[in-house]
Student: 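Just dropping this structure here.
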2 protein chains.
Amino acid sequence: MKSRLRPQYEARARIIKAMAHPSRLFIIEELQKQERCVGELTEMIGSDTSTVSKHLSVLRNAGLVSDEKRANSIYYTLRCPCVMDFIGCVEEVLSANAKEHADILKCCKK
Amino acid sequence: MKSRLRPQYEARARIIKAMAHPSRLFIIEELQKQERCVGELTEMIGSDTSTVSKHLSVLRNAGLVSDEKRANSIYYTLRCPCVMDFIGCVEEVLSANAKEHADILKCCKK
DNA sequence: CTTCTATTTGGCTATATGGCAAAATAAGAA
DNA sequence: TTCTTATTTTGCCATATAGCCAAATAGAAG
């Protein structure tokens, strides 16, 4: 592809890659509802604190969330709620896939 | 997170992960304009045919594209054009990030 | 059947990622 | 100051990914 376009696609891919993990999708969805600190998210997700912290740093580095320290916890917020629109489309893909699977099964049974 | 939710987040993550690569984003955007065969995409992207073929199989396995053989080429099509909506949001994140960077620079110069 | 063309697959290497545990850091409370 | 709590960083290992090359496959064309 034209070399001047490369960096643009790479930048986009970095953002999307930051979302491409089950726990991080959970975090995004949760933060869309309300801000949360690491401890809360850790408990909800059920893995090691350090793991959740790393996920948060991935999201932060991508610019998807911002953090603010209050009392002795760090609260994370979703910066661009539009990322939630993704989910709708992803679900559309998933149900299209499910439908196709169903059709294939139906066809084989005949 | 509640164990019955896990599979759902994993399914979503698989779809998003399939998009999380510069070449695959390019392919998605190109296929949104018109169907293309492997050879055409290979030339546009400029990497090995086998590499592009693998990218296409990632997209196909995710259910994002479908393929149809005609003459002696295989033509790929975008199955859910809504994935293009992603890009708008991703660009929003990118420009928010750029703005923040600019603000930080401005602040430091003072 | 043989040849040619388009695409996929397998083998390989280098690099990136996710996870936990342990050590390090930051900042409030005593 | 020291103690405590919340979070981040580091080290390590296992696994996944991208890329190229070479080999295999599928069909069209001769």
Side-chain angles (χ1 to χ4, degrees), chain A residues 1 3 6-7 9-28 30-31 34-77, chain B residues 1 3 6-7 9-28 30-31 34-77:
Chain A
M1 73 187 98
S3 60
R6 277 291 280 282
Y9 286 101
E10 281 164 7
R12 290 174 182 177
R14 265 192 296 277
I15 306 284
I16 297 181
K17 203 170 173 184
M19 293 193 264
H21 186 283
S23 301
R24 295 200 290 265
L25 285 177
F26 174 87
I27 291 171
I28 287 172
E30 187 57 33
L31 295 186
Q34 63 187 293
E35 60 170 21
R36 291 288 193 184
C37 67
V38 186
E40 290 172 327
L41 292 169
T42 298
E43 192 180 352
M44 288 187 245
I45 291 171
S47 46
D48 198 273
T49 315
S50 65
T51 303
V52 174
S53 174
K54 266 186 196 169
H55 284 314
L56 286 165
S57 86
V58 170
L59 292 172
R60 183 166 10 89
N61 289 334
L64 290 165
V65 303
S66 53
D67 58 323
E68 188 196 348
K69 182 146 197 170
R70 282 207 312 281
N72 51 1
S73 291
I74 300 181
Y75 286 87
Y76 282 83
T77 327
Chain B
M1 74 188 98
S3 60
R6 278 289 279 281
Y9 286 101
E10 281 165 7
R12 291 175 181 176
R14 265 193 297 277
I15 306 283
I16 296 180
K17 204 170 174 182
M19 292 194 265
H21 187 283
S23 301
R24 295 200 290 266
L25 285 177
F26 175 86
I27 292 172
I28 287 172
E30 187 57 32
L31 295 186
Q34 64 188 292
E35 61 171 22
R36 290 288 192 183
C37 68
V38 186
E40 290 170 327
L41 292 168
T42 298
E43 191 181 350
M44 289 187 247
I45 291 172
S47 46
D48 199 273
T49 315
S50 66
T51 303
V52 174
S53 173
K54 274 180 191 168
H55 283 313
L56 286 165
S57 86
V58 170
L59 292 172
R60 183 167 10 88
N61 289 334
L64 290 165
V65 303
S66 53
D67 58 323
E68 187 195 350
K69 182 146 198 171
R70 281 204 316 279
N72 51 4
S73 291
I74 300 182
Y75 287 86
Y76 282 84
T77 327

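Values in this document were obtained by computation on a predicted structure and should not be read as measured data. The sequence lines fix the lettering, A, B, ..., with proteins before strands; numbering per chain opens at 1.
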Student: Counting only side-chain N and O atoms of B/R70, is one of them less than 4.0 Å from OP1 or OP2 of D/dA28?
Tutor: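 For D/dA28, neither OP1 nor OP2 has a side-chain N or O of B/R70 closer than 4.0 Å.
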Student: Within less than 4.0 Å of OP1 or OP2 of D/dA16, is there a side-chain N or O belonging to B/K17?
Tutor: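 Answer is no, no contact under 4.0 Å.
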Student: Is the shortest side-chain N/O distance from B/H55 to OP1 or OP2 of D/dT17 below 4.0 Å?
Tutor: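 No, because none of the side-chain N or O atoms of B/H55 sits under 4.0 Å from OP1 or OP2 of D/dT17.
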Student: Map B/T49 and A/T51 onto DNA chain C by nearest heavy atom, then report which one ends up closer to the 5' terminus.
Tutor: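 Residue closer to the 5' terminus by nearest nucleotide: B/T49.
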Student: Would you say the side-chain atoms of A/R24 pair up with the backbone N or O of A/L59, donor to acceptor, closer than 3.5 Å?
Tutor: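 Absent.
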Student: Regarding A/S23, tell me which of base, sugar-phosphate or nothing describes its non-hydrogen contacts under 4.0 Å with the strands shown.
Tutor: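 The residue A/S23 makes no contact with any strand.
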Student: Whole angstroms only, please: what is the CG-C1' distance between B/D48 and D/dA23?
Tutor: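 It is 13 Å, rounded to the nearest whole Å.
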Student: Would you check if A/Y75 and A/E40 make a side-chain contact, meaning some heavy-atom pair closer than 4.5 Å?
Tutor: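 In contact.
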Student: Between atom CZ in B/R14 and atom P in D/dT17, what is the gap in whole Å?
Tutor: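 One finds 11 Å between P of D/dT17 and CZ of B/R14, rounded.
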Student: For residues A/M44 and A/R36, determine if any side-chain heavy atom of one lies less than 4.5 Å from a side-chain heavy atom of the other.
Tutor: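 Touching, per the 4.5 Å side-chain cut-off.
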Student: B/E10 has an atom CD; how far is it from atom P of D/dA16, in whole Å?
Tutor: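 Interatomic distance, CD of B/E10 to P of D/dA16: 13 Å.
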Student: Start at the 5' end of DNA chain D and walk down; is the nucleotide closest to B/H21 or to A/V52 reached first?
Tutor: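 Of the two residues, A/V52 wins.
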Student: Counting N and O atoms only, with roles assigned by atom type, does the side chain of A/S53 sit under 3.5 Å from a partner on the main chain of A/T49, one being a donor and the other an acceptor?
Tutor: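 Judged by distance alone, no pair lies under 3.5 Å.
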Student: Rounded to the nearest Å, what distance is computed from the CD1 atom of residue B/I16 to the P atom of nucleotide D/dT17?
Tutor: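 Result: 15 Å.
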Student: Can you check the A/N72 CG to D/dC3 P distance for me, whole Å?
Tutor: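 Computing the A/N72:CG to D/dC3:P distance gives 18 Å.
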Student: First contact, last contact: which nucleotides of DNA chain C are these for chain B, 5' to 3', heavy-atom distance under 4.0 Å?
Tutor: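 Boundary nucleotides touching chain B, in 5' to 3' order, are C/dA6 to C/dG11.
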Student: Do B/V52 and B/S23 touch side chain to side chain, with heavy atoms closer than 4.5 Å?
Tutor: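 Of all side-chain heavy-atom pairs linking B/S23 with B/V52, none is under 4.5 Å.
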Student: Rounded to whole Å, how long is the line connecting atom NZ of B/K69 with atom C1' of D/dG27?
Tutor: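 These atoms are roughly 5 Å apart.
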Student: Using 30° and 60° as the class boundaries, would you call the ring planes of B/H55 and B/H21 parallel, tilted or perpendicular?
Tutor: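 The rings of B/H55 and B/H21 sit tilted, inter-plane angle from 30° to 60°.
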Student: Under 4.0 Å between a side-chain N/O of A/S53 and OP1 or OP2 of D/dT8, yes or no?
Tutor: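 Affirmative; the distance criterion is met.
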Student: Can you measure B/E68 atom CD to D/dA26 atom C1' for me and round it to whole angstrom units?
Tutor: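 Result: 16 Å.
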Student: So what does B/S73 hit on the nucleic acid, given a heavy-atom distance under 4.0 Å: a base, only sugar-phosphate, or nothing?
Tutor: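 Result for B/S73 = sugar-phosphate.
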Student: Ignoring backbone atoms, establish whether A/Y76 has a side-chain N or O less than 4.0 Å from OP1 or OP2 of D/dA6.
Tutor: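 No, A/Y76 has no side-chain N/O under 4.0 Å of OP1/OP2 on D/dA6.
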Student: Verify the contact: side-chain N or O of A/S50 to OP1 or OP2 of D/dT8, cut-off strictly under 4.0 Å; return yes or no.
Tutor: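 Answer is no, no contact under 4.0 Å.
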Student: When you look at CZ of A/R6, are more than 12 heavy atoms from neighbouring residues, nucleotides or ligands closer to it than 6.0 Å?
Tutor: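 Atom CZ in A/R6 is not packed in, count stays at 12 or less.
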Student: From the options D/dG19, D/dG11, D/dT8, select the nucleotide whose nearest atom is closest to the side chain of A/K54.
Tutor: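 Nearest nucleotide to the side chain: D/dG11.
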Student: Is the number of heavy atoms from other residues, nucleotides or ligands within 6.0 Å of CD (A/E10) greater than 12?
Tutor: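 More than 12 heavy atoms, drawn from other residues, nucleotides or ligands, come within 6.0 Å of this atom.
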Student: To the nearest Å, give me how far apart OH (A/Y75) and P (D/dT8) are.
Tutor: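 After rounding, the reported distance stands at 13 Å.
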